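Counting convention: from 1, in listed order, for ligands and their atoms alike. A quick note: this is a predicted structure, and the numbers were derived from the prediction, not measured.
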Amino acid sequence: MTYVRDTDPARRPVTLNTLTRMRTAGEPIAMLTCYDSTFAAVCDAVGADVLLVGDSLGNVLQGHDTTLPVTIDEMAYHTGCVARGLRNVEGRAFLIGDMPFGSYQESREQAMRNAVKLLTAGAQMVKLEGGAHMVDTVRFLVERGVPVCAHLGLTPQSVHQLGGYRAQGVTTESAERLKTDAALLDDAGASMLVMEMVPARLATDVTAARRFITIGIGAGLDCHGQVLVLHDVLGLFPGRRPRFVRNFMPGADDVQDALGRYIAAVKERSFPGPEHAY
Ligand code: KIV
């Protein structure tokens, strides 16, 4: 088989190096969650740089109240669907698979075993939630060739411990703890950090101080990139809408147009606005 490299730089596959270059160049990274092959093709066509097969599929696909019941086999299944959707259209987006609750907390070995399931399904990076207590696991995975995206702030797998879906890092003490966690995860080799529902000022400080690529969801404009849940961008998810969400459907011609408007808004830094920040 001959591998012919796409001559159009805009269509070359996004790699971790591409994302690092975008970070250095100050080009915002546009990320969407995605769970199936059809939407993978659509999200790729409108220019998403990164697709995250999030365990939010527990909420938006499976109808659970929390992400806690999602299993690693379900995550591997959906990661495979998205990976095939990208492959079938020779897509360029970088693919991250989310490690669900209970699939990585027991031991570093358990985390490695389950990361392998997501990588063999087609993910190029795995995401896991948690701070200082996950540092050994992150180092273990990275040393074995598994790129890691960490997740701090509102970590939905800890919803019961956090007492609900609420902003994190709002007190001086919790903001300092988040900064310390971020520093430890960065030093352990995490390539990326998602910060969810944290004050914009805190996310700005972490982004300025650390090496890894920061992606915000309700974390202000200064992260290197932004992510939203696909169903939220399309205004599909019923119930109370968190402040950081914007529905891009009003005014759009169709689903593709709405997703394209989200990507454009991230790229031109018109989203998130101050009204989406904490
Ligand atoms: O599961 C998910 O979709 C996520 C994003 C909201 C960051 O973790």
Worksheet, complete the sentence: Quick note, side-chain hydrogen bond (donor to acceptor under 3.5 Å, both in side chains) partners involving residues 117-127, not counting sequence neighbours, are D98-K127, K127-H151
Discussion item. Ring pair (Phe, Tyr, Trp, His ring centres under 6.0 Å) for F39 and H231? Distances and angles first, verdict last.
Written reply: CA-CA 11 Å; F39 269 108; H231 293 59; 7.1 Å; no
Discussion item. The criterion is salt bridge (Lys or Arg N to Asp or Glu O under 4.0 Å); which residues satisfy it with D187, sequence neighbours excluded?
Written reply: R210, R211
Pairs of nitrogen or oxygen atoms, one from ligand 1 and one from the protein, closer than 3.5 Å: please tabulate them with distances.
residue: ligand 1; atom: 1 (O); partner: D55; partner atom: N; Å: 3.1
residue: ligand 1; atom: 1 (O); partner: D55; partner atom: OD1; Å: 3.0
residue: ligand 1; atom: 1 (O); partner: S56; partner atom: N; Å: 3.0
residue: ligand 1; atom: 1 (O); partner: S56; partner atom: OG; Å: 3.4
residue: ligand 1; atom: 1 (O); partner: D98; partner atom: OD2; Å: 3.2
residue: ligand 1; atom: 3 (O); partner: S56; partner atom: OG; Å: 2.5
residue: ligand 1; atom: 8 (O); partner: K127; partner atom: NZ; Å: 2.9

Item to complete: May I ask you to list the residues sharing a hydrophobic cluster with F101, side-chain cutoff 4.5 Å, ordered by chain and number?
Response: L68
Worksheet item: Has E106 got more than 12 heavy atoms of other residues, nucleotides or ligands less than 6.0 Å from its CD?
Response: no
Worksheet entry | Pi-cation contact, F271 with R269 (under 6.0 Å, within 45°) | no
